[in-house]
Amino acid sequence: MVELINFPNLTTAKKFLEASRDAVFIIFDEKIEYVNDRAVKLLGFADAYEIIGRWSCEFISHDDKSVQYKPAGKNTPFRYELKLRRRDGTTVDVENQISIIEYGGRPSSLVFSRDITERKLFEAKLDAIHRHAVKMGEIETLEEIAKSTMQILQEDLGFYFVGFGVVEGDGLYFKETSDSNVMKLPLDGTGIPVRAMNSGKTQFVLDTRKDHDFVSSKILGEPENLSEICVPVKVRNTVFGVINIESEKLNAFDENDRKLLEILAGHVASSIAIIQEKEKLRKSLDELSERNRELDEYTYIVSHDLRSPLRSIQAFAEFLSKEASSKLDDMERDYLDRIIKASKRMSELIEDLLLLSRVNRKFLDVEVIDLKEIVKNIETDLEALIAERGARIQCDDLPEIQGHRVWMRQLFTNLINNGLKFNDSLAPEIEVGCEECYDYYLFYVKDNGIGIEEKNFEKIFKLFQRLHTQEEYPGTGAGLTICKKIVEFYGGRIWVESKPGVGTAFYFTIPKNVLKVEASDSALTVDESAQLVEN
Ligand code: ADP
């Protein structure tokens with residue numbers, strides 16, 4: 001809302017208005033009654049009398065759709081921005097501040113117009129820098145960052161001689177420059193960029209002729225650049241490189257340029273830090289999977305080599321038990337039985353280790369597998385056990401998925417077997433089903449067995465971790481570890497929900513598109529794998 005000011009004396013008021021740093025207009029009934037000298041200059045006229053008496057709307061740009069005309073009045077905002085039209089047809093952005101005064105005995109509008117061209121330009125450039133920052137968030141390499149930074153410097157910020165330098169070894173390399181020159185400045189030598197590097201501070205040179213550090217990048221005969229501004233790009237407090245700009249003009253840069261370039265350098269530094277973090281993460285993941293692969297290889301070789309001496313122990317112990325049992329006393333027979341039992345157990349553990357180490361060995365191709373058929377086959381294999389336990393396996397509709405038959409069979413066999421094994425119910429029930437989600441399938445295997453306490457939900461997926469003795473429920477404790485490895489191999493997840501005495505449900509996801517699973521050097525064919533699993 002505008003406020004009414006009374007000027008006691010017109011001459012004093014005009015003196016005050018002439019001294020103002022803003023353009024001043026007094027408007028009555030939409031006609032200009034008074035302008036100060038600054039207003040005359042702002043509108044591109046020579047004399048106030050060329051303006052006085054004209055309609056104020058003549059000086060409002062027709063391009064400015066936001067503000068057509070705002071006479072002073074009750075509902076006029078106190079401050080607003082608009083574009084004024086100058087004598088030569090060009091426009092100028094101003095911010096108006098308006099009041100109602102008593103002028104010549106009539107209520108008139110007193111308008112202070114401040115030229116905000118520079119501010120507008122600064123805001124537009126800042127806006128471009130922020131848009132650039134968003135774009136850089138998607139960039140993956142340093143080269144792309146350098147290119148995109150060069151682009152914004154030239155296209156949006158309007159600089160001409162620009163360069164993006166990066167520290168490599170003992171030098172500062174300008175790989176991206178406006179004139180495509182690759183330039184190297186030794187870090188212990190001269191150069192404004194070297195000074196920015198070593199001090200970590202923006203260098204602002206308004207006359208390069210007076211700066212001993214200035215190094216010309218011009219070819220002989222070309223005019224020399226007379227101003228230079230260089231901003232360090234600091235990543236985690238270390239100068240990574242510089243943004244350097246030169247101009248053929250003297251005093252070409254101002255505080256606004258410094259601010260804008262420092263903001264830009266900050267964004268560039270954040271993007272570089274993100275790329276470095278991503279690269280670190282990728283390297284650790286690669287190393288981790290390489291170490292896992294080596295571990296699998298090692299486990300495979302060791303378990304494989306342990307098999308044959310163990311078989312000899314088993315064979316000779318059984319031979320002794322058959323042929324020489326009568327010559328042994330009770331204690332010796334007991335020792336021999338223990339050797340046979342222990343070697344049998346060791347053989348089971350070795351077989352599970354072998355199986356586990358094979359999961360990561362990749363197959364050449366995934367195939368389309370009918371899971372319903374797989375579960376039916378498992379049911380047939382377990383026929384005797386199911387009949388003996390009076391159990392029932394209910395299988396809802398299961399999809400066809402992409403995967404490897406041997407591993408899918410292994411996965412479902414382990415879970416269904418457990419559902420029957422850890423089940424004291426008179427009529428064990430296993431339910432196998434699936435829910436289709438957007439890009440994965442969610443499978444479940446539920447039972448009405450003994451259940452698992454929540455504190456053991458993680459433990460049971462660890463290798464050889466069991467909750468019961470061999471006498472209570474036989475097993476090695478490797479089954480769920482194998483299941484987890486299979487599911488994770490396809491990029492899925494496995495977890496358990498359970499209540500002791502009520503039952504257990506295992507859930508796992510398998511992505512719909514597993515074609516991306518890469519074949520490694522040690523890839524096995526489907527036949528080879530099937531053979532290995534049977535061996
Ligand atoms: P194993 O069956 O050889 O013991 P697993 O890795 O398959 O090894 O299972 C680990 C442990 O998890 C089992 O010893 C058992 O205590 C628990 N467990 C697995 N499945 C079930 C289930 N369906 N109900 C109750 N407990 C289970």
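First listed ligand is number 1; within each ligand, the first listed atom is number 1. Note that the structure is a prediction, hence the values are computed from the model and not measured.
Considering V445, D447, D352, T504 only, the shortest heavy-atom separation from atom 23 (N) of ligand 1 involves D447. Taking each of Q465, K484, E472 in turn, the one with a heavy atom nearest to atom 10 (C) of ligand 1 proves to be Q465. Considering only non-hydrogen atoms, atom 19 (C) of ligand 1 lies nearest to N418 out of L415, I450, N418. Closest to atom 24 (N) of ligand 1 by heavy atom, among F461, F457, F422, F464, is F422.
Because its NZ or CZ atom is not both nearer than 6.0 Å to the ring centre of F506 and within 45° of the ring axis, K446 does not count as a cation-pi partner of that residue.
Judged by distance alone, the side chains of N423 and N448 do bring a donor and an acceptor atom under 3.5 Å apart. With 3.5 Å as the limit, one finds a donor-acceptor pair spanning the side chains of T476 and D352. For D424 and Y473, the side-chain atoms include at least one donor-acceptor pair closer than 3.5 Å.
Checked for salt-bridge contact, E287 and R291 meet the test: a charged N lies under 4.0 Å from a carboxylate O. Between R293 and E290, at least one side-chain nitrogen of the basic residue sits less than 4.0 Å from a carboxylate oxygen of the acidic one, meeting the salt-bridge criterion. Residues E143 and K147 are not paired through a salt bridge, judged by the lack of any N-O separation under 4.0 Å between the basic side chain and the carboxylate. Comment: K120 engages E81 in a salt bridge, judged by a side-chain N to carboxylate O separation of less than 4.0 angstrom.
Within ligand 1, counting atoms from 1 as listed, the ones closer than 4.0 Å to a heavy atom of G479 are 5 (P), 6 (O), 7 (O), 8 (O). Near H468, with a cut-off below 4.0 Å to any heavy atom, the atoms of ligand 1 are 16 (O). Within ligand 1, counting atoms from 1 as listed, the ones closer than 4.0 Å to a heavy atom of G475 are 3 (O).
When only interatomic distances are considered, the shortest N/O to N/O separation between P474 and ligand 1 does not fall below 3.5 Å. Residue contacts with ligand 1: L480 is placed with a nitrogen or oxygen under 3.5 Å of a nitrogen or oxygen of the ligand (distance criterion only).
Nearest non-hydrogen protein atom to atom 17 (C) of ligand 1 is I460 CG2, 3.8 Å. Taking atom 2 (O) of ligand 1 as the reference point, the nearest protein heavy-atom neighbour is K421 NZ, 3.0 Å. Nearest protein neighbour of atom 8 (O) of ligand 1, counting heavy atoms only, is G477 CA, 3.1 Å. Looking from atom 4 (O) of ligand 1 to the surrounding protein, the closest heavy atom is R466 NE, 2.7 Å.
Looking at residues two or more places apart in sequence or on another chain, you find no ring-ring contact (aromatic ring centres under 6.0 Å, His included) involving Y440.
At a 4.0 Å heavy-atom cut-off, ligand 1 touches I452 through the side chain alone.
Taking the six-membered ring for Trp and the full ring otherwise, the centers of F204 and F253 sit at least 6.0 Å from each other.
Assignment of G449 to the shell around ligand 1 is not supported, since no heavy atom sits closer than 4.0 Å.
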